2 protein chains.
Amino acid sequence: MSVLFKDIYVLTPSGRAEKSSVYVSGERIVSVGEAPEGSKADRVIDGKDRLLMPGLVNSHTHVYMTMFRSCADDIPFSDWLFRRIMPLEDQMTPDDCYWATLLGYTEMLSTGTTASLDMYVFTETAVRAAEEAKVRAVLCRGLSGGADDEAGGKRRLDEAQKEISAYRGKNPLISFMLGPHAPYTCDEGYLKETAELAASLDLPMTIHVSESKNEIETVREKYACTPVEFLDRAGVLTDRTVAAHCVFLTDGDIDILVRRGVNAAINPVSNLKLGNGVAPVVKMQKRGVKLCLGTDGAASNNALNMFRDMGCLCLLHKGMSGDAAAVGAADALKMATVGGARALGLEDVGEIKPGMKADLTVIDLDRPWLRPFNDPASSLIYSATGSEVESVMVNGKFLLDKGELTTIDRERVYYETEKTCRRLGLL
Amino acid sequence: MSVLFKDIYVLTPSGRAEKSSVYVSGERIVSVGEAPEGSKADRVIDGKDRLLMPGLVNSHTHVYMTMFRSCADDIPFSDWLFRRIMPLEDQMTPDDCYWATLLGYTEMLSTGTTASLDMYVFTETAVRAAEEAKVRAVLCRGLSGGADDEAGGKRRLDEAQKEISAYRGKNPLISFMLGPHAPYTCDEGYLKETAELAASLDLPMTIHVSESKNEIETVREKYACTPVEFLDRAGVLTDRTVAAHCVFLTDGDIDILVRRGVNAAINPVSNLKLGNGVAPVVKMQKRGVKLCLGTDGAASNNALNMFRDMGCLCLLHKGMSGDAAAVGAADALKMATVGGARALGLEDVGEIKPGMKADLTVIDLDRPWLRPFNDPASSLIYSATGSEVESVMVNGKFLLDKGELTTIDRERVYYETEKTCRRLGLL
């Protein structure tokens with residue numbers, strides 16, 4: 001199957017847009033500019049009033065938590081976690097998670113996201129949902145363990161290893177990481193063991209880091225250091241590690257992230273919504289930390305819409321720094337595309353150029369809030385809502401085709417997730 | 001003309017939603033619950049998967065600035081104002097402003113806003129655009145003056161008075177305020193004169209207050225007090241005054257706002273985007289300041305989409321206060337509906353109850369990000385984007401009818417505004 005996006009605005013890495021044509025054949029972008037001579041596309045997409053951008057990469061989320069959207073808002077963080085979310089999670093079956101994950105992919109595709117890093121609970125359902133949706137997914141099971149629960153931690157690590165070896169390499173769109181949950185749910189021994197397993201299996205890792213003040217205090221009391229120092233000591237921080245949140249960082253922490261080449265996945269909306277605060281993005285940028293962007297789960301966002309997080313990121317850091325020039329639209333776009341792709345180990349997505357995988361998002365510019373179209377990057381970050389996404393291609397296949405999902409039965413997903421919500425007493 | 005919204009979720013002031021039916025006859029809501037016996041609606045709107053909410057009220061904007069959307073982003077504030085926006089404003093003709101204003105109303109209607117407080121440049125075009133769009137509008141000409149430019153200030157005030165007397169009372173949807181621009185563009189004598197004129201004409205006032213650090217310093221140097229203290233001394237602050245921005249407030253300033261009953265119009269997105277910071281909303285709430293919400297102009301937002309500002313407001317104050325329970329979804333909805341209506345002197349809009357004017361917004365809930373629909377207020381604030389607005393009624397008339405504007409020729413507006421942008425070198 002070949003597709004020609006004809007005379008369409010193509011977003012450049014610097015945030016500009018030029019009218020061009022993009023030719024896709026099979027899984028890849030073949031040309032940008034003019035279609036190769038003699039090539040005949042099976043399908044031609046008219047680019048009038050349309051912009052083509054790289055598919056967005058959500059570098060930190062928990063897709064199954066889409067079930068918990070809007071079920072625990074405007075309450076203190078500890079009530080949110082311990083009295084609402086955790087008791088609900090305990091009642092989730094693999095089947096519940098499967099449908100909730102498909103609802104999450106429905107939302108992500110509808111708002112232009114083509115790849116995500118999903119920390120899940122049940123491997124089989126996470127894999128099945130991603131496979132059926134045909135999205136690009138990096139999957140990891142959230143792992144916790146330590147001296148308090150040695151048997152449980154060991155069992156989870158063994159299971160994760162077995163599950164990964166069962167699924168790894170079966171589907172080119174799906175890859176895996178090891179996902180020790182956080183410095184306060186894994187002890188030093190467990191983290192070291194996980195890091196060693198990751199090295200031996202050649203797997204990257206992802207972990208929540210310095211998300212809340214409470215975490216900082218807990219780690220300080222137990223280990224007399226910061227969470228970043230602690231994780232570094234445990235061998236978790238490498239240039240393939242994705243460290244999510246990174247809100248409370250010391251200058252020394254930032255040094256470590258730079259030295260280890262860690263990817264920091266910033267979650268501006270979730271960090272605000274849970275009252276955790278603001279990651280030091282301006283400082284991290286200056287020091288050269290590798291940055292990417294995530295939504296976190298829908299229980300703490302409450303959307304998986306990367307456009308919301310991109311806009312929030314820029315606004316927030318201008319406001320906090322007192323500098324209207326801080327964290328610009330092109331920075332946010334970079335974090336949400338190529339930055340995320342590299343963080344997730346996806347070497348050939350995140351940019352529109354020949355040879356890259358065809359993970360693409362088509363934006364319908366016929367919206368009053370995108371007029372006048374004075375500056376493409378600004379329009380996408382400061383005016384667009386994510387609802388302008390018309391079509392989405394992953395690996396050369398349309399998964400959203402002029403607003404219609406091609407791999408997910410949306411009505412069924414609504415029905416099944418609402419059934420679960422009723423059982424859980426949420427609806 | 002009568003309209004029955006049948007079996008539709010109706011948003012309550014507390015942020016819940018109940019299935020009900022709303023009957024509108026002429027300009028007003030006649031009943032909520034069951035249609036009055038014997039009533040026969042000219043039109044029935046099926047409420048399946050729909051929510052009815054009060055039309056949103058944008059309590060501070062400059063609609064003509066929609067022309068400058070995305071034309072000056074990610075640059076320092078002083079460059080933004082003095083090197084980009086002000087030179088562009090100087091080149092705007094009344095006709096340019098007319099089309100830009102219609103573009104702004106196109107966007108506001110498309111995102112559920114039914115009323116706004118617009119500080120404009122040219123009276124005739126501001127009135128004409130609002131009249132033709134058939135929106136509810138409170139209009140004021142931005143006024144500056146003082147000892148530096150006595151003749152100019154006097155002329156502007158005289159003109160404003162004449163213009164208001166020419167248009168006032170002609171159209172029940174349009175009312176006026178006097179709009180002295182800011183404490184740094186109007187001196188004490190000019191503000192006193194303006195306040196006296198407002199009192200003699202029985203007109204409310206609106207003014208920018210404590211928006212930037214620079215303003216605080218300027219006023220401190222010149223008058224040895226805060227902008228709020230200065231305005232109070234000049235007689236500008238009454239219970240009908242709308243004070244826009246209110247970012248840098250002392251405790252004493254907040255006392256004055258409470259004592260005078262001033263309406264504070266918070267502009268969270270614009271205040272972040274220009275690097276000005278965050279208004280002390282949590283403290284203002286606790287002390288009982290009357291709060292409403294505005295987008296400011298599209299040159300500093302870059303949208304006139306109240307959903308963006310409502311979401312940003314809540315997220316921001318949770319993040320800044322470290323309290324996930326701070327500024328909840330119901331608070332934002334109140335500020336953006338009844339809070340705004342009262343601030344703008346609109347006594348019979350902002351709520352869905354019998355006898356109120358029928359200013360209503362219909363939300364299409366068939367979006368993946370609104371599923372599951374666990375909590376209506378949360379869904380509207382933390383997940384919705386504004387693009388879910390399907391229909392909008394002002395004063396009993398549909399101005400947006402299933403996505404189609406009934407009073408504005410959108411294509412013509414795009415064409416004319418783009419023509420101007422090309423002339424100004426923006427496109």
Side-chain angles (χ1 to χ4, degrees), chain A residues 67 69-71 73-77 80 103 106-107 110-111 213 269 271-278 301-305 308 311-312 315-316 318-326 328-330 367-369 371-375 378-379 382-383 385-388 410 414 417-418 421 426-427, chain B residues 67 69-71 73-77 80 103 106-107 110-111 213 269 271-278 301-305 308 311-312 315-316 318-326 328-330 367-369 371-375 378-379 382-383 385-388 410 414 417-418 421 426-427:
Chain A
M67 189 70 86
R69 192 198 313 275
S70 305
C71 82
D73 298 322
D74 301 339
I75 56 176
F77 177 73
W80 176 82
L103 179 61
T106 299
E107 180 182 4
S110 301
T111 52
K213 274 194 188 145
V269 170
N271 294 337
L272 289 177
K273 185 152 181 292
L274 295 179
N276 286 321
V278 182
N301 182 299
N302 297 351
L304 305 180
N305 178 346
R308 280 176 81 93
C312 182
L315 292 173
L316 190 57
K318 292 176 195 304
M320 294 303 103
S321 66
D323 177 7
R367 296 287 188 284
W369 51 86
R371 304 297 178 112
F373 192 56
N374 285 324
D375 180 315
S378 276
S379 291
Y382 302 118
S383 309
T385 67
S387 66
E388 307 80 2
R410 199 171 67 160
Y414 289 174
T417 48
E418 276 163 24
C421 279
L426 296 175
L427 268 179
Chain B
M67 188 70 86
R69 192 198 313 277
S70 305
C71 83
D73 298 324
D74 300 338
I75 56 177
F77 177 73
W80 176 83
L103 180 61
T106 299
E107 180 181 4
S110 301
T111 52
K213 274 193 188 145
V269 170
N271 293 339
L272 290 176
K273 184 151 181 293
L274 294 179
N276 285 322
V278 182
N301 183 300
N302 298 353
L304 304 180
N305 178 346
R308 280 175 81 93
C312 182
L315 292 172
L316 190 57
K318 292 175 195 304
M320 293 304 101
S321 66
D323 176 9
R367 296 287 189 283
W369 51 87
R371 303 296 177 113
F373 192 57
N374 284 325
D375 180 314
S378 277
S379 291
Y382 302 119
S383 309
T385 67
S387 65
E388 307 79 4
R410 198 170 68 160
Y414 288 175
T417 47
E418 276 162 24
C421 280
L426 297 174
L427 270 178

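Numbered from 1 within each chain, the chains take letters A, B, ... in sequence-line order. Reckoned from all heavy atoms, side chains included, excluding hydrogens, waters and symmetry mates. These figures come from a predicted structure and were not determined experimentally.
The CG atom of A/D74 sits 10.0 Å away from atom CG of B/D323, with the distance rounded to the nearest 0.5 Å.
Contact detail for B/L427 and A/F373: the closest heavy-atom pair is CD2-O, 3.3 Å. Looking at every heavy atom in both residues, A/R410 comes nearest to B/P368 through NH1-CD, 4.0 Å. For A/W369 against B/T111, the heavy-atom pair with the smallest separation is CZ3-CG2, 3.7 Å. Across all their heavy atoms, B/K318 and A/K273 have their closest contact at CD-O, 3.3 Å. B/P372 and A/L103 get closest at one heavy-atom pair: CD-CD2, 3.7 Å.
In this structure, the portions of A/L315 lying under 4.5 Å from any heavy atom of chain B include both its backbone and its side chain. When heavy atoms are compared at a cutoff of 4.5 Å, A/R308 approaches chain B solely by way of its side chain, counted from C-beta outward. With a 4.5 angstrom heavy-atom cutoff, A/L316 touches chain B via backbone and side-chain atoms both. Only the backbone of A/I75 has a heavy atom closer than 4.5 Å to any heavy atom of chain B. Looking at B/T417, neither its backbone nor its side chain comes within 4.5 Å of chain A, counting heavy atoms on both sides. Residue B/V278 touches chain A through its side chain alone, counting heavy-atom pairs closer than 4.5 Å. Residue A/S321 does not touch chain B at all, counting heavy-atom pairs closer than 4.5 Å.
Put simply, the side chain of B/S70 never gets that close to the backbone of A/N374: no donor and acceptor are under 3.5 Å apart. A donor-acceptor contact shorter than 3.5 Å is absent between the side chain of B/R371 and the backbone of A/E418.
Among B/G328, B/S110, B/G275, the residue making the largest number of heavy-atom pairs under 4.5 Å with chain A is B/G275. When the candidates B/A330, B/A326, B/A303, B/C71 are compared by the number of heavy-atom contacts under 4.5 Å with chain A, B/C71 comes out ahead.
Taking 4.5 Å as the limit, every side-chain heavy atom of A/D375 sits out of range of all side-chain heavy atoms of B/R69.
B/Y382 pairs in a side-chain contact (heavy atoms from CB on, under 4.5 Å) with only one of the listed residues (A/N302, A/N301, A/V269), which is A/N302.
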